[in-house]
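Below: the structure, in structure tokens.
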Amino acid sequence: MNEPTAIKPVILVIDDEPDNFDVVEAMLTGQGYILHYVASGQAALDCLDTLQPDLLLLDVMMPGIDGIEVCRQIKALPQWRGVGIIMVTALSSKQELSQCLAVGANDFISKPINQVELVARVRSLLRIHQQYQQLADFNTQLEALVQQRTAQLRALIDEDALTQLPSRTRLLQAISLALQSAEACREKIQVSPKGLPSSVGLAYLDCDQFQLVNGAFGYAVGNELLKAIAQRLQQLLRPGDVLARVGGDEFCFLLHYLDYPATLESWNQAIFESFAKPFRVANCDFFVSVCIGVALADATTTQPEALLQAADTAMYRAKRQGKGSYQVFDAQLTTATQRRLALETDLQRALEHREFITYYQPIVRLATCQVVGFEALIRWQHPERQLVSPAEFIPCMEETGLVVPVGLVVLQQACEQLKIWQQQGAADWTVSVNLSVRQFDSPTLLADIDQVLATTGINPVYLKLEVTESALMQDTESAIAVMEQLRSRQIQISLDDFGTGYSSLGYLHRLPIDTLKIDRSFVQQIHTGNRNHQVINTIIALSSQLSLPVIAEGIETSEQLHCLQSLGCEFGQGYLFGKPQPASEIFL
Ligand code: C2E
Ligand code: MG
Ligand code: MG
């Protein structure tokens with residue numbers, strides 16, 4: 001292997017007397033330097049870039065430009081500022097030496113030259129020059145690195161790293177340009193803005209329940225699925241339009257030349273159809289649906305953020321209509337959304353301030369009117385309002401997912417209360433807790449319940465969980481699996497509000513449930529011989545074949561009670577026996 005050859009330092013000697021160069025050359029022979037000679041200051045300035053010296057030995061007294069002026073000029077050049085210059089002079093007045101230093105000379109040596117001194121000074125200055133060079137190289141590298149990193153960061157701001165689609169920032173820039181050109185176009189045509197069909201629109205897409213994919217399959221699969229979705233959406237890009245990823249599972253299309261409703265309708269149609277086919281990721285087929293919110297720019301739209309916000313609001317509204325929905329923004333949406341957002345924040349605060357409390361409504365054995373247990377019902381102790389009923393806030397909590405932590409609070413409170421009642425002697429009372437769809441889907445449901453059972457130490461036989469048909473219908477197979485898990489812990493399950501949902505008596509036998517709760521809408525209009533009477537009769541008959549006890553909800557009058565008793569309904573709940581009330585008002 002060849003040793004890398006060390007680069008020899010280059011020394012340029014500038015002296016009008018060639019003999020002086022001969023002396024220097026003789027003294028430095030064998031030191032490993034390359035020596036060059038020029039006879040004038042001007043020649044030195046001319047050959048610097050060609051010779052690339054590391055050190056200059058510069059005579060002070062020269063005809064033409066003298067050494068001091070040459071030194072000044074060289075040090076004024078940025079690329080040569082670092083070169084070492086040793087002034088060689090016969091004179092040694094203090095004034096002359098300080099002049100040399102003032103123009104930037106690094107050192108000086110007096111004539112006649114002493115060899116030991118020359119060798120030492122040359123060596124030390126070359127070493128300093130070498131260090132200076134290393135520092136300069138290091139600086140250059142650092143600067144390049146900073147520039148590269150800055151470019152990467154700028155790309156990150158402009159581009160979504162996962163899908164390589166434009167980011168929110170780039171989208172906003174594109175909207176801004178589109179709004180400007182729409183404005184210019186309007187000025188040119190000079191017609192009333194309201195008379196023109198909108199030419200710029202923004203469609204905001206949000207995948208439905210994407211968090212379930214992340215929850216069940218992990219983020220790696222979730223990311224692959226997002227990439228696949230981005231690719232499919234890209235195929236729907238029309239020339240000139242922009243597709244951006246603006247959030248986790250949120251995408252935006254900036255649509256040009258959009259006449260409403262004709263083009264928009266067919267465009268929407270194409271988007272929904274593109275989601276009809278599953279996405280193949282990690283050897284699984286994923287069916288994904290989206291909600292779309294569209295905002296159309298008009299002459300009053302000047303801020304890109306405003307258009308984005310409007311599309312987001314419309315999308316939010318579409319979400320509330322259910323999976324695969326679509327909404328076009330109108331100004332009224334804003335107030336509804338603002339009210340809704342305020343409720344969301346309020347609920348979040350309520351959770352933090354422990355404003356949710358649990359009320360209990362008795363469930364009785366109809367034959368004897370004896371209490372057998374209680375249903376736990378949430379109430380919101382709002383600091384400025386009266387007690388708020390769940391109908392007002394449960395749907396919002398469902399959508400935001402807040403129902404999961406809040407539901408857990410109710411479960412915890414109810415189990416703690418049951419423990420107290422049991423210690424007071426009500427050994428057989430059960431407590432029923434409502435489980436929302438969202439809780440039912442929650443990946444932490446079983447662990448959360450186990451935790452509550454462990455901390456309260458109650459016997460799970462006395463805990464009932466109420467689920468509605470809609471919770472079971474979304475994905476019946478996995479719902480059944482969760483229910484079986486619950487029952488393996490000896491927890492009982494009630495099917496709540498029976499009759500209001502899909503209400504198929506046919507599938508009842510397939511469901512691992514322990515009790516059926518007939519919705520109060522049937523009970524409240526029950527009269528002997530009428531249709532509700534017959535329906536309840538059928539439900540009770542079938543349930544008894546399946547050995548499923550029935551609880552009738554919403555019993556308010558003794559007539560309703562007698563009717564249900566005569567039909568053989570085993571249990572009941574309603575204002576006739578007691579309204580929901582705080583535990584402090586319930587006595588054994
Ligand atoms: P639900 O589970 O069907 O609860 C029964 C509802 O009927 C309760 O309303 C109760 O107060 C009401 N009710 C009981 N007897 C009568 C009666 O004789 N007449 C009338 N008119 N109403 C009666 P509430 O407490 O307003 O709860 C409404 C719904 O909110 C519940 O319906 C349940 O679906 C939900 N909910 C309540 N608490 C929770 C909770 O902790 N978690 C979840 N996920 N949902 C809850
Ligand atoms: Mg219930
Ligand atoms: Mg109910």
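For reference, positions follow the sequence shown, starting with 1. First listed ligand is number 1; within each ligand, the first listed atom is number 1.
Among the heteroatoms counted here (N, O or S) of Glu466, OE1 is the one nearest to the Mg ion (ligand 2). Nearest N/O/S atom of Asp496 with respect to the Mg ion (ligand 2) is recorded as OD2.
By the criterion of a heavy-atom distance under 4.0 Å, the side chain of Glu553, and not its backbone, is placed next to ligand 1. Within the 4.0 Å heavy-atom criterion, neither part of Val433 lies near ligand 1.
The Mg ion (ligand 2) has an N, O or S atom of Asn434 closer than 2.8 Å. Residue Glu375 counts as close to the Mg ion (ligand 2), with an N, O or S atom under 2.8 Å.
Taking the ring centre of Phe571 as origin, the terminal cationic atom of Arg365 falls outside the region bounded by 6.0 Å and 45° from the ring axis. Taking the ring axis of Tyr575 as reference, the NZ or CZ atom of Lys579 stays within 45° of it and closer than 6.0 Å to the ring centre.
For the side chain to side chain contact (heavy atoms under 4.5 Å, CB included) with Leu243, the qualifying choice from Leu236, Leu254, Leu205, Leu233 is Leu233, the only one to do so.
In this structure, the ring of Phe393 has its center less than 6.0 angstrom from the ring center of Phe356. Aromatic ring centres of Trp429 and Tyr462 lie farther apart than the 6.0 Å criterion allows.
Atoms of ligand 1 found under 4.0 Å from any heavy atom of Ser436, numbered from 1 in the order shown, are 44 (N).
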